[in-house]
Amino acid sequence: DRHFSRAQSLSGKRILVTAGPTYEPIDPVRFIGNRSSGKMGIAIADELCARGAAVHLILGPSALSPGKAGVEVIRVGTAREMHEAATTLFGRCDAAVLAAAVADYRPAKVAEQKIKKSGDEMQVSMVKNPDIAASLGQSKTIHQKLVGFALETQNGLENAQSKLEHKNLDLIVLNSLTDSGAGFNHDTNKITILDRGNKKREFELKTKAAVAVDIVDALQELWG
Ligand code: CTP
Ligand code: CA
């Protein structure tokens, strides 16, 4: 039903959102990061806030901020910082929306001093970061809802379905990067939402603010 009133429809709910990239330091002046702008997650935090939810936004290094003053922003740098903030807050939350582009690996050691240029090649040894979505999926109670994202360049539906199940999520939002105008650093996005009942909902290319409305509608439907 597209005609229900959205205003204050999430009052009483406390919701965690992760957004943006993570930066994984190599030395005091360098890091490994990714091109996430944080726009999609910030739009979701704003939409949740507009519906009256208490919102904790854990935001990686992003030039952007939420538009709604009611969103509580916790700024973090690395995946491990994001993981720590998320595990601390999730216990008090009714849901989490995991929109961050978390670095899968980090440099095994951070050099104390700026690394000097030497030979013609250099190697950076990397170790795996914690999977925030999977760890919240393991700890969640039946009352808590989890929404993840999947950004795929091939076999999108299969990969998204597998992440939905393996991370114990309730919904997964598949980003279609193949459509021009969708994804990182664009103002628009084209998504498909998959649920645990094998239901698949495809949406048109829309602004990220309009996509956020569709995602929050789908989350809200889980509570009936
Ligand atoms: N995610 C997370 N913590 C990580 C990696 C991913 O919370 N360390 C979350 C993302 O925020 C997203 C979902 O898991 O909601 C899927 O992220 P994605 O990078 O697509 O999946 P991965 O499991 O990392 O698989 P791969 O990158 O190999 O496709
Ligand atoms: Ca990944």
Side-chain angles (χ1 to χ4, degrees), residues 15-25 31-45 47-48 55-62 74-91 93 95-108 126-140 144-178 182-185 189-196 208 211-212 214-216 218-219 222:
I15 302 177
L16 178 71
V17 180
T18 68
T22 66
Y23 283 1
E24 308 298 329
F31 61 85
I32 293 175
N34 63 68
R35 295 185 190 282
S36 169
S37 64
K39 263 180 207 160
M40 192 63 250
I42 289 170
I44 290 167
E47 179 61 25
L48 291 166
V55 183
H56 304 279
L57 173 64
I58 306 176
L59 184 58
S62 165
I74 302 109
R75 294 217 173 235
V76 297
T78 66
R80 285 193 296 177
E81 289 164 6
M82 188 175 277
H83 180 247
E84 192 184 328
T87 49
T88 301
L89 286 165
F90 187 58
C93 289
V97 180
L98 306 164
V102 185
D104 292 329
Y105 296 90
R106 66 177 180 276
M126 312 269 284
V127 294
K128 204 175 239 167
N129 272 326
D131 188 323
I132 300 162
S135 80
L136 299 189
Q138 281 204 331
S139 78
K140 83 169 179 187
Q144 290 177 305
K145 305 299 176 195
L146 272 184
V147 181
F149 282 74
L151 186 142
E152 309 290 345
T153 56
Q154 53 184 349
N155 306 321
L157 284 173
E158 295 79 6
N159 286 329
Q161 187 69 39
S162 150
K163 285 172 189 175
L164 175 69
E165 287 164 20
H166 288 114
K167 299 187 192 217
N168 196 24
L169 310 174
D170 297 283
L171 296 174
I172 195 156
V173 180
L174 172 62
N175 271 303
S176 311
L177 265 189
T178 42
F184 280 10
N185 281 310
N189 218 352
K190 180 155 176 24
I191 61 158
T192 303
I193 300 179
L194 309 181
D195 69 16
R196 293 300 284 267
K208 286 184 177 174
V211 171
D214 292 334
I215 292 169
V216 175
L219 167 62
L222 296 174

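Indexing begins at 1, ligand by ligand and atom by atom, following the structure's order. Along the sequence shown, the residues carry numbers beginning at 1.
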for atom 3 (N) of ligand 1, nearest protein heavy atom and its distance come out as Ile132 N, 3.0 Å
Heavy-atom distances under 4.0 Å are what count here, so tell me which part of Pro130 touches ligand 1: side chain, backbone, both or neither.
backbone
Below 4.0 angstrom from a heavy atom of Gly148, which ligand 1 atoms are there? Numbered from 1 as shown, please.
15 (O)
Closest non-hydrogen protein atom to atom 27 (O) of ligand 1, residue and atom name please, with distance?
Asp104 OD2, 3.2 Å
Report the nearest protein non-hydrogen atom to atom 6 (C) of ligand 1: residue, atom name, distance rounded to 0.1 Å.
Lys167 NZ, 3.7 Å
Taking only Lys NZ, Arg NE, NH1 and NH2, and the carboxylate oxygens of Asp or Glu, determine whether Glu47 and Lys208 approach each other closer than 4.0 Å.
no
Would you tell me which option among Lys163, Met82, Arg80, His83 has the nearest heavy-atom contact to atom 18 (P) of ligand 1?
Lys163
If you scan protein heavy atoms around atom 15 (O) of ligand 1, the nearest is Leu98 O, 2.7 Å
Taking the side chain as C-beta and beyond, is there a heavy-atom pair between His56 and Ile15 under 4.5 Å?
no
Taking only Lys NZ, Arg NE, NH1 and NH2, and the carboxylate oxygens of Asp or Glu, determine whether Lys128 and Asp104 approach each other closer than 4.0 Å.
no
Side chains of Asn168 and Arg196 in contact at under 4.5 Å (non-hydrogen atoms):
yes
Just to confirm my output: which protein heavy-atom neighbour is closest to atom 9 (C) of ligand 1, and how far is it?
Ala133 CB, 3.7 Å
Donor-acceptor pair, Asp195 side chain versus Asp170 backbone, under 3.5 Å?
no
Just to check, does Asn129 reach to within less than 4.0 Å of ligand 1 when the distance is taken from its heavy atoms?
no
Using every non-hydrogen atom in the two residues, find where Thr78 and Pro25 come nearest and quote the distance to one decimal.
CG2-CD, 3.7 Å
Within the structure provided, determine whether Val173 and Val147 are in side-chain contact (heavy-atom separation under 4.5 Å).
yes
Do Ala100 and ligand 1 have an N or O pair less than 3.5 Å apart?
yes
Name the closest protein heavy atom to atom 13 (C) of ligand 1, giving the residue it belongs to and the distance to 0.1 Å.
Phe149 O, 3.1 Å
Show your reasoning for whether side chain to side chain contact (heavy atoms under 4.5 Å, CB included) applies to Leu59 and Val76.
CA-CA 6 Å; Leu59 184 58; Val76 297; over 6 Å; no
